[in-house]
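Just below is one structure, and these are the notes that go with it.
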Amino acid sequence: MTALTFDNQIGLGALGNVSTPTAYVVSWDSSLIEQYTSHSASISSSIDKVLSFLLSQDITIEEYANVESFLTNNYGVVAYLYEVSDRIEEYFGQVDLEIGVFSDPDDIEGKPELYLEVTTSLSPEEANEKLSEINRMWLFASEDQDLISLNITLKFL
Amino acid sequence: MAKTYKNPPITEAVCEFRFMLESGVSDEQINVFYENIKDTFPIQKKRKMHQFEFKIEAKKTEEENKKTFNQNLYEFEQYLSEDEKYSVQLDAGKVSIHRIRPYTSWKEFFPLIQQVYKAYVDAFSPKKIGRIGIRYINEVTVPLEDFSFTDYFTINASLPSLEKNQQKSIFLGSVFEQESGRDAIKVQFIEKQSKEPINVRTFILDFDYFLVDPTVSFEDANGWLEKAHSNLEGVFEGMITGNTRKLFDKK
């Protein structure tokens, strides 16, 4: 038996509709001989990779530079972003998603927060019930401070 | 001598070591490692990486093999400085030291690399160095008004029949041998695309200088790092013009 393990691997085909540095590099790396394909570990390329993945899932990234900056300073949440599409689909079905950073204008010293906005055609009662469930079963169940820092919000059609 | 700018374009500087170990690492060894770096990196966190795993058996059908695909989160150690601008990532045979913006200087960064390197070798007693890499990722933002590519960059990546300064997008990737093939430098020059109308153009200059032939001894690692940094800096300085340097010297 052969076991193949990939760290945050993104396939060539998955990024076909994305124009980020990662998208170019994944394509280029596939043409290089093995001794030249590896990269020195980098926080910023991990962040570009996950953002490329989100874009390939048709998730809107609002104010890209702000999201990059947030993730650089809150690196722990990066790994969880690979799951957001599947997790949201479990509760809300296939919906439009937007990720961005929110800062309270009345709180000058407040920390920015990362939000994941779900656009839904459900009724407010039903949507809020789903929201409570996903918070309980995913975000808060992990007890991981990095995951808890992700705020899921609702937008009604 | 390492050049310094008032407003360096570096978004991240990294030094990564990959070692060959006799066996896995123990919690005791990790604690010893941390004890030797905690004065500089007092904040300790467990981070996760998303990992995909396929298990393939020749005797199984394609459908049966597809069912063995797993997505897991696995943990690695991260240690940070008080201001969280420096960090160390430890993952068994790999250790990396990172500096995010604002970059200060090689004079400040190098001693921390040496500290982490020594702490790793003392704690884990690796057999051999497998790879060393120094990577500098730069983001150069230039005003769109009156933009001319050749005013800021010396690389020539145009087509003879097309006007050079009418390029709207560029991606250049190249690998060059260094030090008679023992090392290599991977250079990526990429323009960041934006869907929103903006009045600037932003270029990523990503330089990854690394050891290809693992013949560097533990004692020679510091000398390798100094040479690698000097070579990398030479490549970067050769790609930019005086106009670009003026951008980096603005505060």
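Chain naming here is simple, since letters A, B, ... match the order of the sequence lines and numbering starts at 1 in each. Quantities reported herein were computed from a predicted structural model and do not represent experimental measurements.
Considering CD of A/Gln35 and CG of B/Leu211, their distance stands at 11.5 Å, rounded to 0.5 Å. Atom CZ of residue B/Phe176 and atom OH of residue A/Tyr36 lie 11.5 Å apart, to the nearest 0.5 angstrom. Rounded to the nearest 0.5 Å, atoms OG (A/Ser38) and CD (B/Glu16) are 7.5 Å apart. To the nearest 0.5 angstrom, A/Tyr75 atom OH is 11.5 Å from B/Leu80 atom CG. Annotation: the span from B/Ile134 atom CD1 to A/Ser40 atom OG amounts to 8.5 Å, rounded to 0.5 Å.
Using a 4.5 Å cut-off between heavy atoms, B/Val14 contacts chain A through its side chain alone, with no backbone atom that close. The contact between A/Leu32 and chain B is made entirely by side chain atoms (from C-beta outward), counting heavy-atom distances below 4.5 Å. Interface remark: B/Phe17 contributes no atoms to any contact with chain A (heavy atom separation under 4.5 Å). Contacts of A/Asp48 with chain B are absent, with no heavy-atom separation under 4.5 Å from either backbone or side chain. Proximity to chain A (any heavy atom under 4.5 Å) is shown, for B/Thr202, by neither the backbone nor the side chain.
With sequence neighbours excluded, the residues satisfying salt bridge (charged side-chain N to carboxylate O under 4.0 Å, His left out) with A/Asp144 are B/Lys48. Partners of B/Lys192 according to the salt bridge (charged side-chain N to carboxylate O under 4.0 Å, His left out) rule, which considers only residues two or more places apart in sequence or in another chain, are A/Glu68, B/Glu139.
Among A/Ser45, A/Ser44, A/Ser42, A/Pro21, the residue making the largest number of heavy-atom pairs under 4.5 Å with chain B is A/Ser42. Each of B/Gln89, B/Glu84, B/Lys45 has some count of heavy-atom pairs under 4.5 Å with chain A, and the biggest count is that of B/Gln89.
Applying the salt bridge (Lys or Arg N to Asp or Glu O under 4.0 Å) test to every pair with at least one member in residues 205-216 of chain B, sequence neighbours left out, gives these pairs: B/Arg131-B/Asp208, B/Arg135-B/Asp206.
Between B/Ile190 and A/Val25 there is a side-chain heavy-atom pair separated by less than 4.5 Å. Residues B/Lys85 and A/Asn73 meet the side-chain proximity criterion, which asks for heavy atoms closer than 4.5 Å.
The interface of residues 148-157 of chain A with chain B, defined by heavy-atom distances below 4.5 Å, is empty.
A perpendicular orientation is assigned to the rings of A/Trp28 and B/Phe171, their planes being inclined by more than 60° (bins at 30° and 60°).
Shown here for B/Lys186 and A/Thr37, the closest heavy-atom pair between the two residues is NZ-O, 3.3 Å.
Environment of CD in A/Glu90: crowded, with over 12 heavy atoms of neighbouring residues, nucleotides or ligands closer than 6.0 Å.
Formation of a donor-acceptor pair under 3.5 Å by the B/Glu12 side chain with backbone atoms of A/Ile43 is found in this model.
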